[in-house]
Each structure stands twice: as structure tokens, then as C-alpha cells.
Amino acid sequence: MTERGRLDMAGTDMDPEVARGLFEEGATLVLLGVPEGTELGLDYKTWTLGPRFRGVKMIPPGLHFLHYCSTNSNEACGEIGPKTGRFLSLKPREVLVAHWNQSEDDLEFTRDPEEAERMRANLRELDGYLGPYPYDTLRKWVSLTDRLSQEVAIALQPLSGRVCAFSDVVPELKLTHTKDREEQNLPRNDRECRSMKEGLDRLPRMKLREGTELRFSNIPEQAYPPGSTPAQITQHSMDWSYALNCVLESHYKEQPLSILGELQFAFVCFLIGNVYEAFEHWKSLLALLCRSEEAMKERKDLYLGLIAVLYHQLGEIPPDFFVDIVSQNNFLTSTLQDFFQFASSPGVDSTLRKRAEKFKVHLTKKFRWDFDADLDECAPVVVELPEAVTVD
């Protein structure tokens with residue numbers, strides 16, 4: 001989903017004085033031993049690496065997303081492996097060093113300050129082997145991450161620091177021998193399967209390897225407070241403000257607008273990192289924000305920020321992606337239809353109401369979506385009642 005190219009070690013087309021200043025003040029990633037043919041990217045740009053590659057120079061300070069796919073050179077077709085990404089927060093003139101681990105097909109970052117200092121002292125000699133940061137895509141990257149702070153990114157990324165396109169799973173139980181399976185009352189593996197169900201039952205139960213899971217905010221499954229009456233349950237099922245406030249209270253009590261950073265984090269992970277779990281969370285978080293009517297009246301700044309975030313995100317999703325995934329079950333149109341309906345209700349700040357109306361016009365013109373059509377207007381709202389509540 002990023003712009004692609006071949007990394008040019010010769011330099012950039014920018015003014016030499018500007019380039020010299022960026023080289024002196026920008027951060028540098030020294031990435032040693034990365035195999036030729038590897039697909040590697042920084043933020044919104046992806047390259048196919050040549051034999052001279054040793055890293056990236058002239059990187060503006062701030063939060064960045066390094067991502068890469070190894071190539072299996074033993075395969076005739078040059079098979080590309082799954083994508084791995086890392087969020088990096090870089091300081092001015094910082095030098096960060098990583099070595100390619102051949103056995104793991106992954107980059108290992110060193111925290112050895114002496115090695116970093118040696119690399120800093122030799123940057124002039126390394127210059128011809130370092131590709132310049134893609135400043136032509138910087139504006140796009142900033143527009144996709146302007147609400148995402150280093151603190152939020154660290155809190156959300158896996159403890160391992162790696163954002164992986166495919167889940168790293170391990171068996172829940174180590175069942176090395178037949179007797180181990182018998183002790184767990186599981187079917188033996190040394191007998192022929194008599195049915196599909198028996199075959200599936202023999203498969204090991206898997207779980208995510210500890211430290212590899214994304215740490216997104218937990219969205220409450222129960223959208224209403226304990227002890228709610230049937231009428232209150234119905235109300236909370238239509239207006240999700242209670243659930244949203246629970247998320248903000250649990251994760252973003254001091255800085256509620258940081259939830260927009262989580263929305264951006266999830267978007268970058270699925271758009272650039274190819275993480276489907278992040279796409280599902282992005283949908284859930286977006287639905288929570290768009291279907292919270294009372295919160296829209298009370299949190300004007302949050303929703304003005306949401307419109308700005310969505311404006312840039314929807315502008316970067318390729319049209320075929322809408323058709324294949326985003327448009328399934330009318331997810332975006334139905335979710336945004338609720339948002340625009342709530343934004344036009346009494347009690348919503350006039351600035352927010354006008355901004356939402358302009359955004360609606362923009363989306364209607366760009367994607368030809370009809371937000372005024374009736375989507376399942378007569379469908380009933382199904383409400384689950386607590387066990388102690390009965391309806392006569």
C-alpha cells in the first residue's frame with residue numbers, strides 16, 4: 001500500500017546546501033547485512049534493495065515506521081516473506097544500528113553506544129551506501145500520524161517491538177508423546193481419523209507467542225452500565241457514548257484525544273504493515289467513535305480531530321481496497337451515515353456541524369456514496385437483557 005521504487009544511493013534532487021543540512025542534522029539508520037532483493041520501506045515509501053545498501057540517511061526527527069520483507073533467494077521465483085515492521089522514535093543526529101540475522105530473517109537492533117559512535121564517526125565514508133529519506137512522501141506520512149505520539153505507539157505495539165503481518169503462534173500445550181494427549185483427554189495421533197471432526201480435534205490448540213500481540217484498547221462487549229433497565233439498554237445500544245467513555249477513562253483519561261492516535265496506529269499497521277487484526281480494530285474503534293451521539297455533543301475537539309484524521313485516511317486507501325474489504329456489508333457508508341446523522345442533531349457545536357457537512361459533501365463527491373439513502377431503516381434493534389431482567 002506504499003509507494004515503491006529502487007533506492008538510489010547517489011543522492012537526491014534537492015539543493016546541495018539543503019541536503020547537507022539534512023545530512024548533518026537528520027537521523028541515520030545503519031542497517032548492515034540486509035540481503036539484496038529485500039523489500040524495505042520507511043514510512044510511506046518501499047524500495048527493493050540493491051547490493052550497496054547499508055541504511056537510510058537524512059531522516060527527519062520524530063516517529064517513523066520501518067518495514068521489510070525478506071526474499072528467499074533459494075527459490076526460483078524469489079519468494080517474498082511476510083512483512084515485519086517497527087515503530088522508531090528518532091532524535092536529531094541520532095544513529096541507530098541494526099544487523100540482519102540470517103537465521104531469523106530479521107533485523108536485530110543493537111543498543112551498544114560504542115558501535116553507534118563508531119558509525120557516527122564514519123558517516124562520511126558510509127554516505128555512498130546510504131539512501132536518502134523519501135521527502136516526497138513526508139507530507140503523506142505526517143498526515144497519517146500527526147495524532148500518534150511516541151508514548152501511544154510504544155503502549156500499543158507488541159512488547160517484542162515487532163509488528164508482524166502474520167501471527168506468531170505456539171501450541172497452548174506441549175503434547176510431545178501420545179501419553180501427553182491421553183492425559184489431556186485428547187484423541188491419539190497414531191490412529192486413522194474416522195471423521196473431519198476427529199481430524200480437527202487432533203490439531204493442537206494455538207495461542208499467540210507471548211510478547212507478539214498488539215496491545216489495543218479493550219472495547220467493552222457490554223455497551224450499557226450494570227443494572228440498566230430495558231429502556232436504558234436500548235438507548236445505550238443506539239448511542240455508544242457509555243462504551244466510548246469507558247475506553248477513554250481506562251486508557252486515555254489524561255489525554256482523551258490520544259484515542260485518535262490509536263486510530264492512526266491501527267490504520268498504519270493495516271495499510272502499510274498488512275496486519276489484518278489492525279484493520280478489524282480500526283473498524284471497531286471507528287464505529288465506536290461514530291456512533292456515540294452524546295459524546296459528540298460533549299467532545300467537540302475530539303470529533304473535529306476525527307474528521308481531519310478520516311479525511312487523510314480515506315484519501316490514502318486505494319479504490320480497489322474499498323471494493324474488496326472496506327465496502328463489505330456497507331461498513332463505511334453505514335458507520336459514517338450514523339456519524340453525519342448525529343453530527344446534525346441539536347446540541348452539537350455549530351463548528352463541528354458545519355465541518356461534518358463539508359466532509360459529507362467531500363466524500364459524496366469523491367466516492368459517490370449516498371449518505372441520505374435508508375439503510376435497513378426498518379430493521380429492529382436487538383437487545384440482550386441481563387439475566388435478572390425480564391420483560392412481560
Side-chain angles (χ1 to χ4, degrees), residues 2-14 16 18-71 73 80-81 83-138 141-142 145 150 153 157 160-163 268 272-273:
T2 57
E3 295 186 7
R4 295 180 177 271
R6 195 163 185 90
L7 194 54
D8 178 17
M9 300 299 170
T12 68
D13 295 331
M14 67 175 61
V18 174
R20 188 176 299 110
L22 292 171
F23 179 81
E24 296 290 344
E25 296 301 321
T28 304
L29 286 178
V30 179
L31 309 174
L32 303 175
V34 184
E36 181 180 359
T38 297
E39 288 192 359
L40 181 141
L42 190 58
D43 301 340
Y44 210 73
K45 189 83 169 184
T46 300
W47 307 280
T48 300
L49 302 185
R52 289 165 50 84
F53 176 80
R54 299 291 184 275
V56 183
K57 62 185 177 182
M58 301 163 56
I59 306 171
L63 192 67
H64 298 279
F65 188 59
L66 175 70
H67 46 97
Y68 44 91
C69 306
S70 62
T71 303
S73 57
I80 300 294
K83 183 173 285 190
T84 299
R86 293 170 175 269
F87 283 92
L88 302 173
S89 183
L90 301 176
K91 302 180 180 66
R93 311 183 78 174
E94 182 176 7
V95 176
L96 205 56
V97 183
H99 297 265
W100 187 261
N101 185 320
Q102 198 71 33
S103 61
E104 298 290 335
D105 269 348
D106 201 359
L107 282 168
E108 291 186 353
F109 281 82
T110 175
R111 295 299 176 184
D112 182 356
E114 292 184 1
E115 182 177 23
E117 282 304 314
R118 287 198 303 272
M119 293 297 175
R120 188 194 310 277
N122 293 321
L123 279 182
R124 291 291 180 186
E125 289 73 20
L126 274 174
D127 185 41
Y129 300 91
L130 301 174
Y133 179 85
Y135 276 88
D136 56 322
T137 63
L138 178 60
W141 173 248
V142 171
T145 57
Q150 175 188 355
Q157 70 181 359
S160 67
R162 296 178 174 89
V163 177
V268 166
I272 301 177

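- Between F65 and W141, the two ring planes are parallel [angle under 30°; tilted spans 30° to 60°].
- E36 has its side chain within reach of P51: a pair of non-hydrogen atoms, C-beta onward, lies under 4.5 Å apart.
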Item to check | Steps toward salt bridge (charged side-chain N to carboxylate O under 4.0 Å, His left out) verdict (E24, R124) | outcome: CA-CA 10 Å; E24 296 290 344; R124 291 291 180 186; 2.3 Å; yes
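- Side chains of P134 and Y44 form no contact here, defined as non-hydrogen atoms less than 4.5 Å apart.
- Between L88 and L63, the closest side-chain pair of non-hydrogen atoms is not below 4.5 Å.
- W100 is not listed as a side-chain neighbour of E108, based on a closest heavy-atom distance of 4.5 Å or more.
- The distance from atom CZ of F23 to atom CE of M58, rounded to the nearest 0.5 Å, is 9.0 Å.
- In this structure, the side chain of D127 does not engage the main chain of L123 through any donor-acceptor pair within 3.5 Å.
- K91 NZ to L96 CG: the interatomic distance, rounded to the nearest 0.5 Å, is 9.5 Å.
- In terms of heavy atoms, Y133 sits closest to D43 at OH-OD2, 2.5 Å.
- Residues F53 and L130 fail the side-chain proximity criterion, which asks for heavy atoms closer than 4.5 Å.
- Side-chain contact between I59 and H64: present, with at least one pair of heavy atoms (C-beta onward) separated by less than 4.5 Å.
- Expressed to the nearest 0.5 Å, how far CG of L42 lies from CZ of R86 amounts to 13.5 Å.
- Separating the CZ atom in F109 from the CG atom in L66 is a distance of 5.0 Å, to the nearest 0.5 Å.
- Between L90 and A27 the shortest heavy-atom distance is CB-CB, 3.9 Å.
- Counting only heavy atoms from C-beta outward, the side chains of P60 and Y135 approach each other to under 4.5 Å.
- Across every non-hydrogen atom of S89 and E94, the tightest pair is O-OE1, 3.9 Å.
- No side-chain donor-acceptor contact under 3.5 Å links E117 to the backbone of E114.
- Rounded to the nearest 0.5 angstrom, T28 OG1 and M119 CE are separated by 11.5 Å.
- Nearest heavy atom pair, residue E115 against residue H99, reads OE2-NE2, 2.7 Å.
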Checklist entry - Going through the checks in order, is the side chain to side chain contact (heavy atoms under 4.5 Å, CB included) test met by L32 and V34? => result CA-CA 6 Å; L32 303 175; V34 184; over 6 Å; no
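- Judged by distance alone, the side chain of K45 and the main-chain N or O of L40 form no donor-acceptor pair under 3.5 Å.
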Item to check | Trace of the side chain to side chain contact (heavy atoms under 4.5 Å, CB included) decision for Y68 with D106 | outcome: CA-CA 9 Å; Y68 44 91; D106 201 359; 2.5 Å; yes
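- In this structure, R162 and L107 approach most closely via the heavy-atom pair NH2-O, 3.8 Å.
- Between S103 and N101, the side chains place a donor N or O and an acceptor N or O closer than 3.5 Å (distance only, hydrogens not considered).
- The two residues R52 and Y129 make their nearest non-hydrogen contact at O-CD2, 3.2 Å.
- The shortest side-chain heavy-atom distance between L31 and R54 does not fall under the 4.5 Å cut-off.
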